[in-house]
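Have a look at the structure below, then the notes.
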Amino acid sequence: IRDLRDSRKHPYDTLLDSDRLDGKTVLVTGASSGLGLAISRNLAYRGARVLMVCRRDAMRELESVRKAGREGGGSAEILRADMSDFASIRRLVGKLASDGERIDVTISNAAAVCSSARRTVDGFEEMLQVNALAPALLITGLLNAGVITNDSFAGNGRKTSGRDEVAGMAIEPGAQG
């Protein structure tokens, strides 16, 4: 991908047909519909290997992304995880780590908008968990497991005492960070 800081030649908010992601692995949450699905198609068309994280079976959507990949040189696969369930996120991180995956780009697109307050199995309000805590847990877990490599990370999201921590904040109901 070109240097997006140089907006003299091309505006930073414009992708060119020549902007390619060949050889890159991109993880997209909330990839079974809407913006996440459209992003997944575009990334596959640009040559990326797209890991579509969905909470439900999305085979029809997967096929549409694979079709875009066949046209542009990319590929796609579905990974199951529910952002409203921390155990599901931890299983996803464990699977990616045990499979030896290396992710180059992450797009945290999964979101929830609820008409009334609901608690998750983890005890948090659902919108807070899905929209804020789950992405932090996922990215921190991927960094800790080495799935996302980043030399500057330097252990800022440490796992201590069996608790997941993000920037010193324990992600547990009622925990003090």
Side-chain angles (χ1 to χ4, degrees), residues 1-86 88-113 130-154 156-157 166:
I1 296 274
R2 61 192 154 81
D3 187 349
L4 297 178
R5 294 172 293 187
D6 184 6
S7 61
R8 292 172 295 195
K9 293 181 183 176
H10 305 288
Y12 69 88
D13 58 349
T14 303
L15 286 174
L16 305 175
D17 288 340
S18 60
D19 291 331
R20 303 283 303 163
L21 290 164
D22 299 299
K24 300 291 184 187
T25 299
V26 182
L27 181 133
V28 181
T29 66
S32 62
S33 64
L35 184 59
L37 180 57
I39 289 169
S40 296
R41 284 186 193 124
N42 192 282
L43 293 168
Y45 181 76
R46 292 177 183 282
R49 175 175 170 245
V50 181
L51 303 178
M52 300 170 60
V53 179
C54 306
R55 70 172 176 225
R56 64 174 177 81
D57 187 29
M59 295 312 293
R60 185 173 52 213
E61 293 84 350
L62 174 63
E63 189 48 44
S64 76
V65 175
R66 284 182 172 162
K67 180 180 181 211
R70 284 191 295 273
E71 294 170 5
S75 63
E77 55 194 87
I78 291 222
L79 300 172
R80 298 284 300 269
D82 184 346
M83 297 295 120
S84 68
D85 181 353
F86 287 156
S88 176
I89 296 167
R90 290 182 185 106
R91 281 191 301 274
L92 173 63
V93 169
K95 177 184 179 354
L96 292 168
S98 68
D99 289 351
E101 289 287 352
R102 292 295 173 261
I103 295 175
D104 301 296
V105 177
T106 59
I107 299 174
S108 295
N109 176 70
V113 178
V130 171
N131 299 346
L133 300 177
L137 179 63
L138 175 62
I139 299 302
T140 302
L142 294 171
L143 284 164
N144 283 335
V147 175
I148 297 173
T149 58
N150 182 347
D151 293 335
S152 66
F153 177 60
N156 291 329
V166 179

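Note: hydrogens, waters and symmetry copies are ignored here, and every other heavy atom, side chains too, is used. These figures come from a predicted structure and were not determined experimentally. Along the sequence shown, residues carry numbers from 1.
- When each of L79, I39, L37 is paired with M52, the side chain to side chain contact (heavy atoms under 4.5 Å, CB included) condition holds for L37 and for no other.
- With sequence neighbours left out, the salt bridge (charged side-chain N to carboxylate O under 4.0 Å, His left out) criterion links K95 to D99.
- You'll find the side chain of V26 reaches within 4.5 Å of the side chain of I107, heavy atoms only.
- The side-chain contact (heavy atoms from CB on, under 4.5 Å) search around A58 returns S32, C54, R56, E61, I78, not counting sequence neighbours.
- In this structure a side-chain-to-backbone donor-acceptor pair under 3.5 Å is missing from T25 to I103.
- Of the possible polar contacts, none joining the R46 side chain to the G73 backbone as a donor-acceptor pair under 3.5 Å is found.
- N131 places a side-chain N or O within 3.5 Å of a backbone atom of A112 that can act as its donor or acceptor partner.
- Between the side chain of R41 and the main chain of V65, no donor-acceptor pair closer than 3.5 Å is present.
- A donor-acceptor pair shorter than 3.5 Å cannot be found between the side chains of S75 and R66.
- Side-chain atoms of D82 do not come within 3.5 Å of backbone N or O of S88 as any donor-acceptor pair.
- Between M83 and V53, the closest side-chain pair of non-hydrogen atoms falls below 4.5 Å.
- The two residues Y45 and R20 make their nearest non-hydrogen contact at O-NH1, 3.0 Å.
- Distance check: I139 CD1 to T106 OG1 gives 3.5 Å after rounding to the nearest 0.5 Å.
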